[in-house]
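Okay, so here's the structure we're looking at.
Heavy-atom basis, side chains included; hydrogens, waters and symmetry copies ignored.
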Amino acid sequence: MSEQQRAGAGEPCWRPLVRDDAPRVAGLLAACEEADRTGDRRGARELLDDWAAPGIDLAAGSVCAWAGPEPVAYAVARAREHADPVHEMVLDLAVHPAHRTRDVLARLLAECRRTAARRHRERFGDGTPLELHTRTHGHQRWLAEALDAAGHRRARGYRGMRIDLAAHAAAHASAAAPVLPPGSALVPFEDRHDAALLTARNAIFAGHPGSVPMTAATWRHAVTGNPYFRPGSSFLLLSADGRQVLCYLLTTEYPTTGAGVAGGGRELYLANAGTSPELHGRGLYRAVITHTLARAKQAGYRWAVLDVDDSNAMAVGGFYERLGARTIRTWTGHVLSVPTGPARVAQPPNGAGAGGDGSPTT
């Protein structure tokens, strides 16, 4: 059945997204947020910024289901620059609460698999493994179960945590300052440190599961060029000669999040952090995060929020709880290994395809 026939029969019509769809997709996300309460309040501007990221090609890497003039489900796959050794392609998807049927979910996830495999072959060929990675919020049981049914495995758990900055300041007022390496300095981010910071990030996370080197373009788009990046509330610990970043903590602020916080107030999101491996265990990250929290309070923030991987050693050891962090949401990471070889179609004995002209029936 063609898409026109499906639409005539009352079924959604499927096609790739285009940038002009952003306002209507933002409306879809608003309906999903009202039902799911995940904190995803992206509007058209945020979607357009997301879709401009390196690795996203709407024409080749997205699909959207439409019921008349309104989108009811969509997915966008983001390819990565490197595979080390697995290409982990990330999915962003949503389904309107009124359209979360088995057929729509199955079709959406099947389209994701086909689209991802095609884009992967174009970028890496058939010899590199491909995985699809998706996260579900604790309130998205419907999506977690659909992913289970489609063969995605539940791989990792994450917690969203919040720190009351006033309470943190009161509890740690008399704490001794951590000892920093001789000559090192804690400074706010400036553009002149950007190249050294990217070098440090790639060195720190080399070999970490799921981590690949970031290019300057991706780094700038996603991190230090992000319109929500807050350089004055992001801090770097520099070596004595000022050339090396020993530890860092970068922050963002989303202006719509305060409305979702009990009691209101500005939230500072602790978005990216790292410490040089040879300096682990010396309290450098504790120095940077406590400095960041103190400066955030002085700047008028009421809360600091962060997402923590449950397998992280600091998370397991209660480091964040000792700072006053409390869990406010949970996430689950889902992974699907996708075959990437070219589609093979069984042919009738006479070699003709289903259309009778020898063409494959994919």
Side-chain angles (χ1 to χ4, degrees), residues 49-57 60-61 76-92 116-135 155-156 158 189-229 231 234-239 241-252 269-280 284-285 288 306-309 311-314 333 335-338 340:
D49 187 61
D50 287 349
W51 295 349
I56 287 183
D57 182 338
V76 176
R78 178 170 59 84
R80 305 182 81 173
E81 295 101 337
H82 305 283
D84 190 22
V86 177
H87 178 204
E88 298 184 359
M89 190 175 286
V90 178
L91 295 179
D92 171 31
R118 182 176 65 249
R119 292 209 66 209
H120 173 84
R121 287 195 299 270
E122 293 169 353
R123 184 166 291 215
F124 295 104
D126 295 336
T128 302
L130 168 64
E131 292 179 346
L132 291 185
H133 285 245
T134 314
R135 282 193 189 186
R156 303 171 83 170
Y158 305 86
F189 173 87
E190 296 180 27
D191 276 343
R192 62 192 177 96
H193 300 309
D194 200 34
L197 179 57
L198 175 56
T199 298
R201 182 269 169 203
N202 284 340
I204 288 168
F205 289 98
H208 279 226
S211 178
V212 295
M214 294 183 74
T215 65
T218 298
W219 172 258
R220 193 67 182 173
H221 181 274
V223 185
T224 56
N226 184 318
Y228 302 107
F229 176 54
S234 301
F235 293 93
L236 320 177
L237 180 64
L238 300 181
S239 59
D241 61 10
R243 297 179 180 178
Q244 184 182 1
V245 177
L246 308 179
C247 183
Y248 66 90
L249 176 55
L250 309 182
T251 63
T252 57
Y269 180 57
L270 312 183
N272 296 273
T275 304
S276 295
E278 67 273 15
L279 298 175
H280 282 179
L284 302 191
Y285 180 57
V288 174
L306 67 158
D307 291 320
V308 178
D309 186 331
S311 65
N312 179 282
M314 288 186 171
V335 180
L336 177 71
S337 297
V338 181
T340 58

Closest non-hydrogen contact found for P213 with N202 is CA-OD1, 3.5 Å
Which atom of D241 lies closest to which atom of S239, heavy atoms considered: OD1-OG, 2.6 Å
Side chains of L197 and W219: closer than 4.5 Å at any heavy-atom pair? yes
pair D49-H221: side-chain heavy atoms closer than 4.5 Å: yes
Please tell me if the side chains of R119 and D57 come closer than 4.5 Å, counting only heavy atoms from C-beta onward. yes
Do L236 and L250 touch side chain to side chain, with heavy atoms closer than 4.5 Å? yes
To check you understand the geometry: which heavy-atom pair defines the closest contact between T128 and P85, and what is its length? CG2-O, 3.5 Å
Between CE on residue M214 and OG1 on residue T199, distance to nearest 0.5 Å: 12.5 Å
Ring centroid separation Y228 to Y269 under 6.0 Å: no
Just verifying a value: how many Å separate H82 NE2 and R123 CZ, rounded to the nearest 0.5 Å? 10.0 Å
By side chain to side chain contact (heavy atoms under 4.5 Å, CB included), S337 pairs with (sequence neighbours left out) E131
List the steps and the verdict of side chain to side chain contact (heavy atoms under 4.5 Å, CB included) for M89 and V338. CA-CA 10 Å; M89 190 175 286; V338 181; over 6 Å; no
Do C247 and L279 touch side chain to side chain, with heavy atoms closer than 4.5 Å? no
Roughly how far apart are L238 CG and L246 CG, rounded to 0.5 Å? 7.0 Å
Salt bridge (Lys or Arg N to Asp or Glu O under 4.0 Å) contacts touching residues 193-212 (sequence neighbours left out): D194-R220
State the CG-CG distance between L237 and L249, to the nearest 0.5 angstrom. 12.0 Å
Closest non-hydrogen contact found for L198 with A216 is CD2-CA, 3.7 Å
With side chains defined as the heavy atoms from C-beta onward, is the minimum distance between L284 and V288 less than 4.5 Å? no
Short side-chain to backbone donor-acceptor contact, H87 and R80, under 3.5 Å: yes
Working note: R78 + D92, criterion side chain to side chain contact (heavy atoms under 4.5 Å, CB included); need CA distance, chi angles, decisive distance, verdict. CA-CA 8 Å; R78 178 170 59 84; D92 171 31; over 6 Å; no
Do you know which two heavy atoms are closest between F229 and S234, and how far apart they sit? CE1-OG, 3.3 Å
Atom pair CG (L130) and CZ (R121), whose distance is rounded to the nearest 0.5 Å: 10.0 Å
Pairing residues for A196 by the side chain to side chain contact (heavy atoms under 4.5 Å, CB included) criterion, not counting sequence neighbours: V245
D309 with R156: basic N within carboxylate O range, under 4.0 Å: yes
Working to the nearest 0.5 Å, report the span between CG of N272 and OG1 of T252. 8.0 Å
Might you point out which heavy atoms bring E81 and P54 nearest each other, and give the distance in Å? OE2-CB, 4.5 Å
